[in-house]
Protein chains: 2
Amino acid sequence: MKWHDLNADACPLARAMGVVGDRWTLLILRECFLGVRRFDGFQKRLGVTRHLLAERLKRLETMGVLERHPYQQRPLRHEYRLTPSGKSFAPVLLAMQDWAEHNLPSPTPTPFAFVTRDGGEEVEPVVTDRKSGQELTHRTVLMVPKPATGQSAADLPTTDRAEDAALARPTAK
Amino acid sequence: MKWHDLNADACPLARAMGVVGDRWTLLILRECFLGVRRFDGFQKRLGVTRHLLAERLKRLETMGVLERHPYQQRPLRHEYRLTPSGKSFAPVLLAMQDWAEHNLPSPTPTPFAFVTRDGGEEVEPVVTDRKSGQELTHRTVLMVPKPATGQSAADLPTTDRAEDAALARPTAK
DNA sequence: ATAATGAGTTCTAAAATAGAACCGACTCAG
DNA sequence: CTGAGTCGGTTCTATTTTAGAACTCATTAT
């Protein structure tokens, strides 16, 4: 399977991998959220090669996550800014950061924090259901194939699934 | 910069990229949440090469996200299951899926859904602050460098930052 | 005139990935 | 007992990606 095939995949997660499925892209977005906007800013802070950085920025632009904005003529220079799509990526960063902080320990402390814009207090991200407000974790939520429109979920282990559901649920514990 | 250096990075997001920073790993985890547990199950559903799949599973195991579990002797065979760390990755998947669904459109409908374990209703994931319950987006939350313990945030564009904050805040709009 | 800045592009070498074939330890059908 | 099939890999070569450094071009600063 080729890289580009992912962009057309039916699964949103696969399409997401077509955009952020590499070592650098998410870190570039992190820098965007930290306020970095220029080529050399990204390059110096990340240590990514200029070649790759140029390519990634181009991709993020064509995918509508960043947009280039001229900040001077003569010579013409652009800076990169988050589009609405890019800005709406923030919750993913929050969730990912929170997971990594709790599950991939490090001797050095986290070099940044998420704070409220008003107040400036540090936040603790939780994924919840908009309607019920219930916290969404592996214990409360289940991922199910949609046989809905069209195609197979045929090769999914149906017995294993039930087993798994039982296992993940706080049974006998 | 090499792959492996990421695992020791001070930034949790960088460390996360050391684990899920490639095209396949997140999709393997998706399959785990869908109940797939065996080598051939992953291979057939994802179309990833056996070589890479073996490597990724090994990495996920050593990073403590999956664990191997013998399901038969003679010949000895293992299946892969989510560890608590792996299970706690669910919110990231939720957030990512939601972002991609809203920002990377596709003609084909999403082939799976997240439903509550009790009830079975589809959920709509929102990232909120645990304490205040406030929804966390680019408008309500700000990512700030922590000059706290030790090192520099020196090369961050401080003026640009303020500008950016103003821009992202719903001012003059 | 010389150096520096900013945003790239262009090289070559090294690493990762794709794709297919192979292997070992079985089980099962005939 | 033979041959086909399953499962979970490993090994191989060919192709893509990535790393790392050097180079370009326009312009400003010294």
Side-chain angles (χ1 to χ4, degrees), chain A residues 1-7 9 14 17-28 31-32 36-62 66-81 155 157 159-160, chain B residues 1-7 9 14 17-28 31-32 36-62 66-81 155 157 159-160:
Chain A
M1 187 185 264
K2 297 282 167 54
W3 239 108
H4 128 114
D5 297 350
L6 286 173
N7 297 334
D9 200 286
M17 289 303 94
V19 182
V20 299
D22 70 280
R23 259 198 291 337
W24 293 112
T25 305
L26 215 87
L27 301 180
I28 291 171
E31 294 304 312
C32 289
V36 176
R37 291 177 166 191
R38 299 185 184 175
F39 193 90
D40 269 29
F42 293 111
Q43 204 275 316
K44 287 194 182 105
R45 286 183 44 88
L46 293 174
V48 60
T49 65
R50 304 167 92 49
H51 180 45
L52 264 230
L53 177 59
E55 202 160 279
R56 293 298 181 263
L57 289 173
K58 212 167 287 174
R59 184 161 81 206
L60 286 169
E61 194 195 349
T62 66
L66 296 182
E67 62 190 3
R68 280 185 344 145
H69 217 272
Y71 69 90
Q72 69 172 39
Q73 313 298 113
R74 340 200 18 77
L76 181 58
R77 291 283 180 267
H78 299 90
E79 59 183 17
Y80 297 86
R81 295 188 191 174
D155 37 357
T159 28
D160 276 8
Chain B
M1 187 186 265
K2 298 283 167 53
W3 241 108
H4 130 113
D5 296 350
L6 287 174
N7 297 334
D9 200 284
M17 288 304 94
V19 182
V20 298
D22 70 281
R23 261 199 286 341
W24 293 113
T25 305
L26 215 87
L27 301 180
I28 291 171
E31 294 304 312
C32 289
V36 176
R37 291 175 167 192
R38 298 184 184 175
F39 193 91
D40 269 27
F42 293 111
Q43 205 275 315
K44 287 193 183 106
R45 286 181 46 86
L46 292 174
V48 60
T49 65
R50 304 165 90 53
H51 179 46
L52 264 231
L53 177 60
E55 203 160 278
R56 293 298 182 261
L57 289 172
K58 212 168 285 174
R59 185 161 79 205
L60 287 169
E61 193 196 348
T62 66
L66 297 182
E67 61 189 2
R68 282 189 337 149
H69 217 274
Y71 67 90
Q72 70 170 39
Q73 312 298 113
R74 338 203 19 76
L76 183 57
R77 290 281 180 268
H78 299 89
E79 58 182 18
Y80 296 87
R81 296 188 191 174
D155 38 359
T159 28
D160 276 7

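If you're wondering where the values come from, they're calculated on a predicted model, not measured in any experiment. A, B, ... follow the sequence lines: proteins, then strands. Residue 1 opens every chain.
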Using only atom types and a distance under 3.5 Å, with no angle test, would you say the side chain of [X] pairs donor to acceptor with the backbone of [Y]?
{"X": "A:Gln43", "Y": "A:Val48", "answer": "yes"}
{"X": "B:Arg59", "Y": "B:Val19", "answer": "yes"}
{"X": "B:Gln72", "Y": "B:Pro75", "answer": "yes"}

With the side chain of A:Phe39 defined as its heavy atoms from C-beta on, choose the nearest nucleotide among D:dT10, C:dA7, D:dA19.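 It is C:dA7.
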
Atom-to-atom span, [atom1] of [X] to [atom2] of [N] - whole angstrom:
{"X": "B:Glu55", "N": "D:dT10", "atom1": "CD", "atom2": "P", "value": "10 Å"}
{"X": "A:Gln72", "N": "C:dA7", "atom1": "CD", "atom2": "P", "value": "8 Å"}
{"X": "B:His69", "N": "D:dG8", "atom1": "NE2", "atom2": "C1'", "value": "18 Å"}
{"X": "A:Gln43", "N": "D:dA19", "atom1": "CD", "atom2": "P", "value": "12 Å"}
{"X": "B:Leu52", "N": "D:dG8", "atom1": "CG", "atom2": "P", "value": "18 Å"}
{"X": "A:Arg37", "N": "C:dA7", "atom1": "CZ", "atom2": "P", "value": "13 Å"}
{"X": "B:Asp22", "N": "D:dT16", "atom1": "CG", "atom2": "C1'", "value": "15 Å"}
{"X": "B:Lys44", "N": "D:dG8", "atom1": "NZ", "atom2": "C1'", "value": "11 Å"}

Looking across every strand, which nucleic acid part, if any, lies under 4.0 Å from A:His51 by heavy atom: base, sugar-phosphate, or nothing?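 Base, at least one base atom sits under 4.0 Å.
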
With A:Glu61, which residues qualify under salt bridge (charged side-chain N to carboxylate O under 4.0 Å, His left out), at least two apart?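 Testing A:Glu61 for salt bridge (charged side-chain N to carboxylate O under 4.0 Å, His left out), a comparison that skips the adjacent residues, returns A:Arg68.
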
So, are A:Glu79 and A:Arg38 salt-bridged, with charged N and O less than 4.0 Å apart?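 Looking at A:Glu79 and A:Arg38, the cut-off is met.
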
Under-4.0 Å side-chain N/O to phosphate OP1/OP2 contact, [X] with [N]:
{"X": "A:Arg23", "N": "C:dA16", "answer": "no"}
{"X": "B:Tyr80", "N": "D:dG9", "answer": "yes"}
{"X": "B:Arg68", "N": "D:dG9", "answer": "yes"}
{"X": "A:Trp24", "N": "D:dA19", "answer": "yes"}
{"X": "A:Tyr71", "N": "C:dA7", "answer": "yes"}
{"X": "A:Lys58", "N": "C:dT9", "answer": "yes"}

Return the set of residues passing side-chain hydrogen bond (donor to acceptor under 3.5 Å, both in side chains) with B:Arg77 (not counting sequence neighbours), or none when no residue passes.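 By the side-chain hydrogen bond (donor to acceptor under 3.5 Å, both in side chains) rule, B:Arg77 matches no residue at all.
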
Using 0.5 Å steps for rounding, measure from the CG atom of A:Asp40 to the CZ atom of A:Arg50.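 A:Asp40 atom CG to A:Arg50 atom CZ measures 4.5 Å (nearest 0.5 Å).
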
Protein-nucleic acid N or O pairs under 3.5 Å, nucleotides 22-29 of chain D:
{"from": "D:dT27", "atom 1": "OP1", "to": "A:Arg74", "atom 2": "NH1", "distance (Å)": "3.3"}

